[in-house]
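Report on one structure; see the data block that follows.
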Amino acid sequence: MKLFLDTADVDEIRRGARLGVVKGVTTNPSLAAKAGVGGMEAYKDAVQEIASIIDGPISIEVISTDVEGMITEGKDYVTWISKPWIKLPSTPAGFEAMKVLSDEGMEINQTLCFSVNQALLGAQAGATAVSPFVGRMDDIGQRGMDLVAEIVTIFRQYDIKTEVLAASIRHALHCVEAARAGAHIATIPYSVLEQMTQHPLTDIGVARFLEDWEKSKQG
Ligand code: E4P
C-alpha cells in the first residue's frame with residue numbers, strides 16, 4: 001500500500017518527504033484553507049511547490065459544481081504540474097466530467113465516495129483512483145473501512161484497474177486496516193505519518209542500547 005500525504009501544508013510535505021515514504025499528495029479546498037492558501041493563484045503556487053518536493057501524483061480538487069466548470073478547471077490544472085490527478089466529486093456532474101477528462105488522457109481521483117455504487121460509476125467513467133472517505137463514514141456510525149474492503153473485493157472480481165485510495169484517515173490503526181483491506185493507497189495527515197513511526201519499545205530499545213554502549217566503555 002502506497003502512502004500519500006493528505007495536506008496542502010508545504011512544511012509538512014517537506015518533513016514527510018525526508019522520510020522517503022511519501023509517494024503522492026492529496027489536497028482539497030479545506031486543506032488549502034487550513035494551510036493558509038487562499039484563492040486559485042495561491043492554490044496553484046502551493047501545488048507547484050508541492051510538486052517540486054514530491055515526484056508523484058498530486059491531487060488537485062475542482063471548485064466548480066457544474067460539468068463545464070469542472071472540465072475547464074481540470075484542463076487548467078493539468079498545465080500546472082507534470083503529474084496532476086484531477087479530483088472530482090462523486091456527483092452526476094462529477095461522473096460526466098470524469099468521462100470527458102479521462103477520455104482526454106487525464107488522471108482522475110474520484111473523491112467524496114461513500115458507496116460501492118459510486119465507486120462502480122467512477123470506474124466506468126475512467127477514474128484512476130477512487131477515494132472512499134473512511135473517517136467521515138465512521139463519524140456517522142457506519143464502518144468506513146468495510147466500504148474500502150468491499151470496493152477492493154468487487155474491483156478484483158471484475159479486474160477493474162481503478163485503484164482504491166483510502167481517504168479521510170484519522171489514526172494509525174486506520175492505516176493497518178486499510179492495508180489489510182487491500183487498499184492500493186492510503187492518504188494520511190502528517191500527524192498520522194508521525195504516529196506510524198512510533199512505538200514505545202523502539203524508544204526503550206534505543207535508550208537501552210546507548211546505556212549498554214556507555215557501560216561497555218567503562219568496563
Ligand atoms: C482526501 O483526498 C480527502 O480530501 C481527505 O482525506 C478528507 O479527509 P477529512 O475527512 O479528514 O477531511
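Whatever order the structure lists them in is the order used to number ligands and atoms, beginning at 1. Residue numbers run from 1 in the order of the sequence given.
Atom CD of E163 is separated from atom CZ of F155 by 11.0 Å, given to the nearest 0.5 angstrom. Going from atom CZ of F114 over to atom CZ of R136 covers 6.0 Å, rounded to the nearest 0.5 Å.
Using a 3.5 Å distance cut-off with no hydrogens or angles, the side chains of T26 and S59 do not pair a donor with an acceptor.
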Any protein N or O within less than 3.5 Å of an N or O in ligand 1? List each pair with its distance, or say none.
residue: ligand 1; atom: 2 (O); partner: K87; partner atom: NZ; Å: 2.7
residue: ligand 1; atom: 4 (O); partner: N28; partner atom: ND2; Å: 2.6
residue: ligand 1; atom: 4 (O); partner: K87; partner atom: NZ; Å: 3.0
residue: ligand 1; atom: 6 (O); partner: D6; partner atom: OD2; Å: 2.6
residue: ligand 1; atom: 6 (O); partner: S168; partner atom: N; Å: 2.7
residue: ligand 1; atom: 10 (O); partner: R136; partner atom: NE; Å: 2.7
residue: ligand 1; atom: 10 (O); partner: S168; partner atom: OG; Å: 2.7
residue: ligand 1; atom: 10 (O); partner: R170; partner atom: NH2; Å: 3.2
residue: ligand 1; atom: 12 (O); partner: R136; partner atom: NH2; Å: 2.8

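D55 CG: 12 or fewer foreign heavy atoms inside a 6.0 Å radius.
Taking E107 as the reference, T128 meet the side chain to side chain donor-acceptor pair (under 3.5 Å) condition, with sequence neighbours excluded.
Taking the six-membered ring where tryptophan is involved, the planes of Y77 and W80 are tilted, since the angle between them lies from 30° to 60°.
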